Structures are given as C-alpha cells and as structure tokens.
Amino acid sequence: MSLLNTPVDLCTRFANTRLHLGVCGSVAAYKAADLLRAWLSMGIHVSVTLTRSARQFVSPLLFASLGAAPVYEDMFAQGQEVFAHLEPGQHAQVMIVAPATADALRRLAQGAADDMLAAQALAFEGPLVIAPSMNPRMWTHKATQTNVQILEKHGAQIVLPGTGSTACGDNGQGRLAPLHQIFLAALRSVSPQDMAGKRVMVTVGPTREQWDGVRYWSNPSTGRMGMALAVCAWLRGARVTVVCGPGISLSLPCELERYDISHAKEMFTVAHDLWPHMDMGIFTAAVADFSPKPFGSNKFKKAEAPQGFSIDFVPNPDILKTLAEERKPSQKVLGFAAETADNMNDLLESARQKLAAKHADILAANAINAPNSGFATETNALAVVDVHGHSKILSTASKADIAWDLCTWLLQL
Ligand code: C5P
C-alpha cells in the first residue's frame, strides 16, 4: 500500500513540482516527516523550514535525511544564503505550513517577518496552504479565529484541524488534519483548474446483492479506478459526487460528496436522482448485472438443502445505459467495461461494441485477465474509444495517471 493510501499517490503528473513546507513547534511536527515522504515519493522536490520551536520537537537532520533540500533554520544561520528568505518565493509553486501553531497563525496573519518562516511566507506570492494544530481552547479562542479569517481573506487555504483527543489530554477540535487532506490540498493548489465549474458524478466500486441474512453476490472491485477519476476531477477543480459501493478503503478529500450504497438498484436510484444536476457522468462501478432472487432476511440453513440447491437470478437495471439514454446533449458520459481479451486489438473491438450499446461518449475497456490490470491492482491497461471514432491503447500505467488522461479526454470531447 502506498504511504497515504489516496487514489493519486502514484500519479506521475506532479514529478518535478516544487513545494515548500514550513513546520512549526507543535507535537504534530513529527507527522510532517510523513507528508514530506509522500510528496518525495511522487518525484516532487520539497524544501523545508523548521521554526525554532519546531526544532525542539524534530531535527533538521531528519528532514534532510529523508530528502528535503534545502532545510532552512534561523534567518541568520551560519553559511545561509543571504536572501534565503526569498528563495521559496522564487522556486516553489506552493507553500504549506503544517503543523501551524497558534503563534504561527498570528505571525502570518500580521505579515510578520521576524523569523525565517514568516519572512518566507511574506515573500511568497503563490498559493499558501495552512494546516493548524493546537490545543482545542487555543483553536476556538477568538484571537485565533480572527487570525484564521484574516489569512483566508488574504487567500490562504486552511485545512481545518480534526476533532478528537489532543496530545495534552483535552478533547475537541485542534488535532492536525489527517495527512492525506493536507497532501491532497497541496496537489490541488498546483493542478490546472480546467474542470472548475463542472459537476461530475462517478459510480465507484462493487455492489452487493443480498441473498439471505448473511450471504451476498459481489465481485472483487476495490474502487481504485473510480476514485482515481473522482480525485483527479476534484484536483482539477470539479465538484465531484461519488456513488460508492461497499468496502472501499481509500483516503479521500473531504470535499467529495459521497453517497454510500449497497446494491445495484440502490446505486441506480441515487445516480438517477443526481444525474440531471451533472455535467459529466463517469461510470466505473462494477455493478452486478444480476441479483439472486432473495431468500429473505434469515440465514438459510445448510440442513435445508442437503443435496445442494439452485438460485434464480433476475437482471439489474443498467445504470450507465439508462442514464446515457436519458441525458441532455450537454452531458458527457464515460463508461468502463471489464473484459477478458487475448490481445489489445480484441479489447478495442469490445470497447467499440460497448460504446455503441451503452450510448457513451467514451468507453474504456480493461482486460481483467491481463497482468497488472483490472480488479484490485494499482495499475491498469485500457483500450479506449470515443464517439468521434478516436481510439487509443493506454498501456500499463498507474490508475491515477490513466484517470488524469481520461479527464483530459472528457474535456476535449
Ligand atoms: O455491460 P457491462 O457490465 O460490461 O458494462 C460495464 C459498464 O456499464 C461500466 O461502466 C459499468 O459501470 C456500467 N454498468 C452499469 N450498470 C449495470 C452494469 C454495468 O452502470 N447494471
């Protein structure tokens, strides 16, 4: 599993981006090392500044050893570049302060330049992402809340602290936000906002068709491809709603609107109600085509069928086909198809047939029998066709990279 378990951890789009991370003196300072590792693992360059109080908790050597370069300390440290306080402003595309203490919020809100981090923030014209972390009473204090409002007015994005027990033994809002939220907020701030203003619905994951009180009919979908599309669209500015089958364990941005469903008919009802409000529909869910005729809510006992037994299945509604047929001309539809195929040309032919059968604009077929492709893998290989007759083989790549390319394709239709 990748470090933060988001669906875009393996996206290569961000390689060579430059981030600057400011770390302040909170107990959560040690968590900044994991954030750093997550960005570095994507090929992102990260420079770091540790405030004087951060250095009481964690050492500059830790960040340098993990790969941060440079690691800044005091404004007048020996051997430091004379204009070190201007460097992040010249080189980095986004500055993140995580964790940000109450005092750091005050200094950043007031435009102080009395230490290296504050001066670097003041000289930074790009996006500023701030993840506060402090005692809940310090967080709710009017002074802190006023500083947060000022920072928001200045254009900073605040990744709100979570609620729960804090290191000091109190309970309330003040814990550093989950790391994946900070990680994703930074990626979003450096992504093109070419899907801004679009409302996108994505069906994701498996469905479970219940048969008796304990048994159901399902498939091994993990929702990774669908969530990669949902998160890529969100990174690029779209408002995203996911209609999500059970058992998906991925870390997601809290801004995704999410409807959890269990079986195909439920997914159909929810998606059908949402669809008129959407600009794009992405149908990745591995919806069960049939449901067993239910036995009931009790457990079927082995003793009732010593010789075995048969189950009747009834067809489920086809969500993609129905919604594609009902759509307004402006609505764009991307469908998927899980196929067994001997080679990519056969897969392309299956994609063409399914594009026509489902009335989609784009149809992406993946070979579930090929290595590193299909269910429960981090990578995929697809044969993609569109309604204008364009076709492309997307050879094995991370689902995140494929999702990025498919979003671009949808925009270009
Ligand atoms: O017909 P098939 O199951 O191969 O089609 C796959 C595509 O149709 C996927 O995009 C899947 O999400 C969608 N689908 C659906 N409702 C169904 C079956 C499939 O939306 N009942």
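Note that ligands are numbered from 1 as they come in the structure, with each ligand's atoms numbered from 1 the same way. Keep in mind that this is a model prediction, so the values were computed, not measured.
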Under 4.0 Å from ligand 1, counting heavy atoms only: the protein residues, by chain and number: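 Phe283, Thr284, Ala285, Val287, Asp289, Pro317, Asp318, Ile319, Leu320, Gly335, Phe336, Lys354, Lys358.
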
Trp404-Phe14 aromatic ring centre distance below 6.0 Å: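 Ring-ring flag for Trp404/Phe14: true, centres closer than 6.0 Å.
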
Close aromatic pair by centroid cut-off 6.0 Å: Phe290 and Trp211: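 Not under 6.0 Å, so no.
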
Axial cation check for Trp234 ring with Arg239, 6.0 Å and 45° limits: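 Geometry flag: not set, cation outside 6.0 Å or 45°.
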
Heavy-atom side-chain contact between Met278 and Thr241 under 4.5 Å: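 Met278 vs Thr241: side chains touch.
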
Pair Asp194-Arg236, salt bridge (Lys or Arg N to Asp or Glu O under 4.0 Å): steps then yes or no: CA-CA 6 Å; Asp194 51 2; Arg236 293 167 71 162; 2.9 Å; yes

Of Thr51, Asn147, Thr101, Asp115, the residue whose pairing with Arg107 passes side-chain hydrogen bond (donor to acceptor under 3.5 Å, both in side chains):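 So the option named by the test is Asp115.
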
